[in-house]
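These notes are about the structure you will find just below.
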2 protein chains.
Amino acid sequence: MAMPKQPASNRSPGRPRDAGAAPALLDAARSLVIEHGYEAVSTQMIADTAGVARQTLYRRWPGKAELVLDAFLQSVMQDEAVGDQPFEEELRRFLQHLFRNLRRDGGAIRSLIASAQRDAAFLETFRTRFALRRAEIVKAILRRAVASGELPAEADIETATTMFHGAFWYRLLLGQPLDDVFIERLLRLLCAGLRAEPETLQR
Amino acid sequence: MAMPKQPASNRSPGRPRDAGAAPALLDAARSLVIEHGYEAVSTQMIADTAGVARQTLYRRWPGKAELVLDAFLQSVMQDEAVGDQPFEEELRRFLQHLFRNLRRDGGAIRSLIASAQRDAAFLETFRTRFALRRAEIVKAILRRAVASGELPAEADIETATTMFHGAFWYRLLLGQPLDDVFIERLLRLLCAGLRAEPETLQR
DNA sequence: ATATATAGTAGACTGCTGTACCTTTATTAA
DNA sequence: TTAATAAAGGTACAGCAGTCTACTATATAT
């Protein structure tokens, strides 16, 4: 179906993989899941749409969850830029961008989180390729705030990042709205805690 | 298998339900899931262990998730007592008790959260029968802290509760440890935010 | 050319959830 | 006693993910 006719000296023997299959599967998975939802899309549908046998999918990914994760990773990982605004504004922009993306991809993300609960190997993949990388963006914003003196040196960045992500995961997983009101209330409480943290525990 | 021989005037006609089937299914579901994990336990295994046909399970619950939720609801809902300690201590005890329970039930809870992502009807059940009731306990502790003057009247209880639960959901779902260190760091940051909240936004 | 190795397609297979159906059993109503 | 009703058990079914196998196609190595 493709033409991998490169002379290619140092390659293993055997028929080479069709270079078009993976992109076709990723595209098919992404658009089908966006249109019908993760549960309503079968691997057979994805393979048919990509014009490929189902086995070809399983030769490239361990399962449906890994394929769909790859299919959505790009679009979810594009708001990584850390600007030079005050950290609270940086966090606000992070959430605004994220929540806009989640209106389209939220259903897929929820299903991937669900898949990670039922498959330990996929949990590890999801954790390292998605969750930890997302968390790192927020940690970078907070570390920069500490370096610039916006936050005290003792600020607990690790826990703040967990609370930050946990808060909207919780609302996402319970089907509660992720809107601007929530952003402001979350930022207000979290930033108050981060700024006040050192002189705490006095009572 | 039982003997529901009550004369029972006002009852609908037809064979009465076996009163022992539901408890037997709940017991079987709970112990099997604790022993083997949610995914490894099939409805057939549960029914066999309960000494009942699989169809009898589906006559009482819409599906596996609802049954297992009922099977674990009791043990997870028993730390509701609100004492009269300072609110931070109340929250600490809440988390300590919860994390102890989660060492046994955490796998089941994770699978139930996962099921709720794939089944809108079960999400609603899980939300109202589990998540909102758990959240209400924490809200009650915080409301009491406001009433007693421990926290300012403007404290954002709703958002604090979301961050509180979100934080350990996040760690639970990512397979990260839920230990005493995490409890102290979570409480410190959250309580600092709640106490400092009113005079925030000054910068 | 020939052997070897691997990808591709197609279909069968297992075990799962949830549903449908059939027959038997226990109860109420007439 | 008989009819109606609904639960119980058991089997079959559809649709799914993931595995396996047989056969074909395409590359490298000799």
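Order of the sequence lines sets the chain letters (A, B, ...), proteins ahead of strands, with each chain counted from 1.
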Rounded to whole Å, CZ of B:F122 lies from P of C:dT17 at a distance of 14 Å
Length of the CZ-C1' vector between A:R17 and D:dT28, whole Å
17 Å
Does the side chain of B:S12 get closer than 4.0 angstrom to OP1 or OP2 of C:dT28 through an N or O atom?
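No.
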Among C:dT9, C:dA26, D:dT5, find the nucleotide with the atom closest to the side chain of A:V52.
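My answer, after comparing the listed nucleotides, is C:dT9.
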Remember a base hit wins even if backbone is also touched, and classify B:R60 as base, sugar-phosphate or nothing at under 4.0 Å, heavy atoms.
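Sugar-phosphate contact only - B:R60 comes under 4.0 Å of backbone atoms but never of a base.
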Using modelled atom types only, decide if a donor and an acceptor are shared between the side chain of B:K139 and the backbone of B:A160 within a distance under 3.5 Å.
no
Which distance, rounded to the nearest 0.5 Å, do you find between the CG of A:L189 and the CZ of A:F164?
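Here the rounded value is 13.0 Å.
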Quick check for you: to the nearest 0.5 Å, what is the distance between B:L98 atom CG and B:L91 atom CG?
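If I round to the nearest 0.5 Å, the distance is 12.0 Å.
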Where at least one partner belongs to residues 119-130 of chain B, residue pairs that pass side chain to side chain donor-acceptor pair (under 3.5 Å), sequence neighbours excluded
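Non-adjacent pairs meeting side chain to side chain donor-acceptor pair (under 3.5 Å): B:D70-B:R129, B:E124-B:R127.
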Upstream residue (5' side of DNA chain D) when B:A53 and A:S42 are each assigned their closest nucleotide
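Final value for this comparison: B:A53.
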B:E88 and B:R92 ion-paired at < 4.0 Å
yes
Set out, line by line, the N/O atom pairs under 3.5 Å between protein and nucleotides 18-21 of chain C.
| unit_1 | atom_1 | unit_2 | atom_2 | d |
| --- | --- | --- | --- | --- |
| C:dG18 | OP2 | B:Y58 | OH | 2.9 |
| C:dG18 | OP2 | B:K64 | N | 3.1 |
| C:dG18 | N7 | B:R54 | NH1 | 3.1 |
| C:dG18 | N7 | B:R54 | NH2 | 3.3 |
| C:dG18 | O6 | B:R54 | NH2 | 2.9 |
| C:dT19 | O4 | B:R54 | NH2 | 3.3 |
| C:dA20 | N6 | B:Q55 | OE1 | 3.4 |

Throw together a table of side-chain donor-acceptor distances under 3.5 angstrom for residues 46-57 of chain A, partners on residues two or more places apart or in other chains.
| unit_1 | atom_1 | unit_2 | atom_2 | d |
| --- | --- | --- | --- | --- |
| A:D48 | OD1 | A:Q44 | NE2 | 3.0 |
| A:T49 | OG1 | A:M45 | O | 2.8 |
| A:R54 | NH1 | A:T43 | OG1 | 3.3 |

